[in-house]
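Worksheet: one structure, shown below.
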Amino acid sequence: MERTIISKSYEPKQVERKWYEYWEKNELFCAKGRSDKDPFCIVIPPPNVTGSLHMGHALNNTLQDIICRFKRMKGCNVLWQPGTDHAGIATQNVVEKDLASKGTDRHAIGRERFTELVWDWRTKYGGVIINQLKRLGCSCDWHRERFTMDEGLSRAVREVFVRLYEEGLIYKGDYIINWCPRCHTALADLEVEHEETESYLYYIRYLFESRDGHLTVATTRPETLLGDTAVAVNPEDKRYNGLSGKHVLLPLLDKVIPVILDRYVDTQFGTGALKITPAHDPNDFAIGNTHKLDRIKVIDENGRMNELAGPYKSMDRFECREKILGDLRQAGLLVKTEPYLHAAGYCYRCKTIIEPLLSKQWFVRAGQLAKEASQAVRDGKTRISPSNWEGVYFEWMDNIKDWCISRQIWWGHRIPVWYCEECEEVHAVKEDPVVCKSCGSTRILQETDVLDTWFSSALWPFSTLGWPDSTDELETFYPTSVLITGFDILFFWVARMMMMGIHFMGDIPFKDVYIHALVRDAEGKKMSKSRGNVIDPLEVMDEFGTDAFRFTLAALAAQGRDVKLSEERILGYRHFVNKIWNAARFVLMNLEDGVNTVSENRYYTLSDRWILTRLGQVSMDAAQAIEDYRFNEAAGLCYQFVWHEFCDWYLEMAKHSLYGKDRARKESSRATIQDVLMAVLKLLHPFMPFVTEEIWQKLPGTEDSIMIAAFPERSDFSEDKGALKEMELLMGIISGIRNIRGEMNIPPSKKLSILIDVADKEGSDILNRNLQHIRVLAGVAEVSVATGVSKPEASATAVFAQNQVHVLLKGLLDFEEERKRLRKEIKKVEKDIESSNKKLLNSDFMEKAPAEIIAKVKDKVETLSLKLEKLNQSFRLIETIDD
RNA sequence: AGGCGGAUAGCUCAGCGGGAGAGCAUCGGCCUUACAAGCCGGGGGUCACGGGUUCAAAUCCCGUUCCGCCUACCA
């Protein structure tokens, strides 16, 4: 590797691609099927093949990568299992759109040709998101990349389907489902989005069969009255006493339908009379079942009225609504129309209004599966954090409904069920059959529906590891360590993986689930294309660099809080990246001429001992924060430590040795700043893989990637409490002088003379050993340290602990300024003392507060009182002096 | 409708029982040979409002207001 002085600022673009290729080429992301190391495994939430990297992906995968890189450096055999999801409806939509632009459609070219085209599309574009993840630095084991429709996963899907079918956990049944007339498929309840929609509530008169009166019902969907098979009222509703057994005439069709009683009806809403259309409304369907009503389907799969709609046949559902309203008006049956706001269901893919339709669909019986999945979390086998999501999970699991798994599209796993046309036998089989197993007929037809996309992703944690075969990977990595995902797919995906994993593997799919926040826009809105409020992560990476972007995401990823991304914040962290770059530049410049590493007879200065101690502490704290998924805290610790301790104090103090005449110290210091920098790089690497690798490789003696370096441990650094204490004093004194300089507006070019009145021998030794640091860091020319000196008249004074620093300002001191400054300080200290004293005078506090708190407060008052006394002395001395 | 979360410095947000914090912005002083994407210093907050628990509340509990999200079968 080239070891030259590096440029003044960090240029991410040139660097990122280079190192990613290097990592891949050297197989640093590869996991071992068998290994002595502790296994650590994350399965990626597979992005849709149609996907393009958005903020959600960026956050999700950054967090995963941080943990994976961290665990690798901690010595684990890490498998980050990547792959993509075939995303049935989404992908089919993309290809259909393409066909439409060519003036054709899927029906014209047929199922076989169409799926071929989708596969072609996938080959051509399916890698886009993968490359974007690489851009983000994701350290997935790409050799193991899987696709939910590849051969192995398809085999797993069939195995699961057939076994569930044989166990009676999959069935086909009549049900009212959410139908998207545009996508032409059933949608699960979860795939329906509810949005407040302005509509009208129509009051329609249903005459009694005897024509001696009427009932008025309120509805938002008058067109469905064609399929009405009853009108329901609440049995408790006094207005409708004695209606039991009566019949009414369906308006326009004059069909006789019964009035039924059902407690479901809300007496407060509308007129308290509810029309029942079992074939086109989920609630009506349920009521229809209890009252054994006919189900008359009047709207077809295209959203048009069918032959049962009589005169309205083949009209569009909305067109029909207008026509019916007109006819009702004419017949005098439309009583009134009120504007009405209600939540209408929309297809989550294409935003078409959902039509509840009666149809035959395949279902997974979810009850028992959910119970076990729920229990596993109650037993603590799988922990969900932040823990409030456990409640949400239980709520869902305990009220679960059967899962509609069939979709009427062509792209997906075709349901492995064959119908025999001769004996009407139904077979669910793993291998495509040639003849009917029962009667031997060759006239067998496969089910045309495909499975819900989530069916295959539910198997992801074990299907990707080789199931149903027994493999080393399953043996080593199942259950996986942690699943990291957004809460938006807690039900879609996490819950179902739990059910399937427990059922088929006999064990939970992951030990931890970490639910992170959603990235939102400035108003807290979910970013979405349709809203036009997306910030493109690729553009952000272009502008600020990937490391800055990743660090921003980590720093903002506080548990349980949404991330509202701002460019300013990213800019701030780009500065941080640059700061690291320049710290490295400084180290490299000092290493350049000659000796690089001194391993023996190292001379450790105070600042060396201090920074090494701090490194141990920070490394431990940061590691623990990552382990606990407190990414923002880990990032914050690193930021604070690297910038304000490593750069601002340590490197500045190291200059003394580095620029000094003492050859041995100089070389020793060179070695130590390199050691410290290397530890800092390792600490930061999980967050900022690129810049840390770039610098790492420029340092002497680093032929291997930083990826395989060991993450700093506390035990790597000796803990020197004395160094912490000494530095505290030194920093306090220096800060005191700087504060006076700042407040007095004394430019740094003006060197100061100071007199330090030190409390004890120990302090005086410490300061005397470090006079040079005081000179350089505080801009002091003359300094003397003594005990019990009196304050020179023309001086400004700072008090730290029990020490006083007098800055001599002969002829310079603006006494009024200094009085102001001291008064401010005195006031602050007095206020502090007062509030603490109040506590000490409170007998309840003294009785009930823990001893250590009381001791702390006492100690504080004592220290502050001494400080106050010294400040007052200083103040009195100049109190009456005029300029 | 129910559930969940939020309200802290001008802005974006940490902190969630014992000294009000960060980044950005702002003000003052500095081109001090790693970094002006920088260095040094300062100012700025009845921690939404009202109650309560506690020796002690930004932090826990109840209520109010305003915001956001999720779930839901009021046609």
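The chains referred to below are lettered A, B, ... by the order of the sequence lines, with proteins before strands, and numbering in each begins at 1.
Heavy atoms from other residues, nucleotides or ligands lying under 6.0 Å from NZ of Lys751(A) number more than 12. Within a 6.0 Å sphere centred on OH of Tyr200(A), other residues, nucleotides and ligands contribute 12 heavy atoms or fewer.
Counting only N and O atoms by type, the side chains of Glu338(A) and Tyr203(A) include a donor and acceptor under 3.5 Å apart.
Here salt bridge (charged side-chain N to carboxylate O under 4.0 Å, His left out) pairs that include residues 260-275 of chain A, with residues two or more places apart or in two chains, are Asp228(A)-Lys275(A), Glu236(A)-Arg263(A). Identified under the side-chain hydrogen bond (donor to acceptor under 3.5 Å, both in side chains) test for residues 636-653 of chain A, with sequence neighbours left out: Asp608(A)-Tyr650(A), Arg614(A)-Glu645(A), His644(A)-Asp648(A), Glu652(A)-Lys655(A). Within the structure, salt bridge (charged side-chain N to carboxylate O under 4.0 Å, His left out) contacts touching residues 826-835 of chain A (residues at least two apart or in different chains) do not occur.
Here the nucleotide nearest the side chain of Asn582(A), chosen from A37(B), C35(B), A75(B), is C35(B). Across A75(B), G19(B), U71(B), the shortest atom-to-atom separation from the side chain of Phe269(A) is found for A75(B). Of the listed nucleotides (C30(B), C35(B), A34(B)), C35(B) has the atom at the smallest distance from the side chain of Asn578(A). Distance from the side chain of Ala558(A) is smallest for A14(B) among the nucleotides A14(B), A34(B), C69(B). Nearest nucleotide to the Lys860(A) side chain, out of G19(B), A34(B), A75(B): G19(B). Ranking U71(B), U12(B), C73(B) by closeness to the Phe491(A) side chain, first place goes to U71(B). Taking only side-chain atoms of Asn745(A), from C-beta outward, the nucleotide of A36(B), A75(B), G29(B) with the closest atom is G29(B).
A salt bridge links Lys698(A) to Glu694(A): at least one charged side-chain nitrogen sits closer than 4.0 Å to a carboxylate oxygen. The existence of a salt bridge linking Lys820(A) and Glu743(A) is excluded, since no basic side-chain nitrogen approaches an acidic carboxylate oxygen closer than 4.0 Å.
One can place CG of Leu677(A) at 16 Å from P of C35(B), the figure rounded to the nearest angstrom. Rounded to whole Å, the distance from CZ on Phe646(A) to C1' on C39(B) is 17 Å. Spacing between atom OH of Tyr573(A) and atom P of A14(B) amounts to 12 Å, rounded to whole angstrom units. In this entry the distance linking OH of Tyr206(A) with P of A75(B) reads 16 Å, nearest Å. Remark: C1' of U71(B) and CD1 of Ile400(A) are 14 Å apart, rounded to the nearest angstrom. Atom-to-atom, CG of Leu651(A) to C1' of G38(B) comes out at 14 Å; the value is rounded to the nearest Å. One can place CD of Glu852(A) at 15 Å from C1' of G19(B), the figure rounded to the nearest angstrom. The distance from atom CG of Asp266(A) to atom P of G2(B) is 14 Å, rounded to the nearest whole Å.
Near RNA chain B, meaning a heavy atom under 4.0 Å from it, residues 281-288 of chain A has Asn283(A) in order of number. At a non-hydrogen distance threshold of 4.0 Å, Asn632(A), Tyr639(A) from residues 632-640 of chain A come into contact with RNA chain B.
Between C30(B) and Lys750(A), no contact under 4.0 Å exists linking OP1 or OP2 to a side-chain N or O. A sub-4.0 Å separation between OP1 or OP2 of A34(B) and a side-chain N or O of Tyr659(A) is present. For U33(B), neither phosphate oxygen OP1 nor OP2 lies less than 4.0 angstrom from any side-chain nitrogen or oxygen of Lys655(A). Within the structure, every side-chain polar atom (N or O) of His575(A) is placed at least 4.0 Å from both OP1 and OP2 of C35(B).
Annotation: side-chain hydrogen bond (donor to acceptor under 3.5 Å, both in side chains) contacts of Asp621(A) (sequence neighbours excluded): none. Considering only residues two or more places apart in sequence or on other chains, Lys867(A) meets the side-chain hydrogen bond (donor to acceptor under 3.5 Å, both in side chains) condition with Glu825(A). A search for ring-ring contact (aromatic ring centres under 6.0 Å, His included) contacts involving Phe800(A) returns nothing, not counting sequence neighbours.
Glu652(A) contributes a side-chain N or O that forms a donor-acceptor pair with the base of A34(B) under 3.5 Å. The base of C35(B) is paired with the side chain of Lys579(A) by a donor and an acceptor separated by under 3.5 Å.
Note on ring orientation: taking the six-membered ring where Trp is involved, the planes of Tyr10(A) and Trp581(A) are tilted (angle from 30° to 60°).
A distance below 6.0 Å separates the ring centres of Phe687(A) and Phe551(A).
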Practice item. Please lay out, stage by stage, how Glu543(A) and Lys13(A) fare under the test salt bridge (charged side-chain N to carboxylate O under 4.0 Å, His left out). Key: CA-CA 9 Å; Glu543(A) 192 178 344; Lys13(A) 262 184 219 155; over 6 Å; no

**Study point:** ring-ring contact (aromatic ring centres under 6.0 Å, His included) between Tyr175(A) and Phe285(A), worked out
**Key:** CA-CA 8 Å; Tyr175(A) 203 71; Phe285(A) 178 79; 5.7 Å; yes

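Annotation: C49(B) and C73(B) have their C1' atoms spaced 37 Å apart (nearest Å). A48(B) and A20(B): their P atoms are spaced 15 Å apart (whole Å).
With a cut-off of 3.5 Å on both pairing distances, the Watson-Crick and G-U wobble pairs of RNA chain B assemble into stems of 3 or more at B:1-7 with B:65-71, B:10-13 with B:21-24, B:26-30 with B:38-42, B:48-52 with B:60-64.
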Show the distances under 3.5 angstrom between N or O atoms of the protein and N or O atoms of nucleotides 40-44 of chain B.
residue	atom	partner	partner atom	Å
G41(B)	O3'	Asn739(A)	ND2	3.4
G42(B)	OP1	Asn739(A)	ND2	2.9

Would you tabulate the pairs of protein nitrogen or oxygen atoms and nucleotide nitrogen or oxygen atoms of nucleotides 55-59 of chain B closer than 3.5 angstrom?
residue	atom	partner	partner atom	Å
C55(B)	OP1	Lys848(A)	NZ	2.7
C55(B)	O2'	Asn842(A)	ND2	3.0

Please tabulate the protein-to-nucleotide N/O contacts below 3.5 Å involving nucleotides 3-8 of chain B, giving atom names and distances.
residue	atom	partner	partner atom	Å
G6(B)	O3'	Arg561(A)	NH2	3.4
A7(B)	OP1	Arg561(A)	NH2	3.0

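Residue Ser9(A) is classed as a base contact, given a heavy-atom separation below 4.0 Å to a base.
Thr277(A) places none of its side-chain heavy atoms less than 4.5 Å from the side chain of Thr229(A).
For the pair His291(A) and Leu261(A), the tightest heavy-atom approach, listed with the atom from each and the gap, is CE1-O, 3.1 Å.
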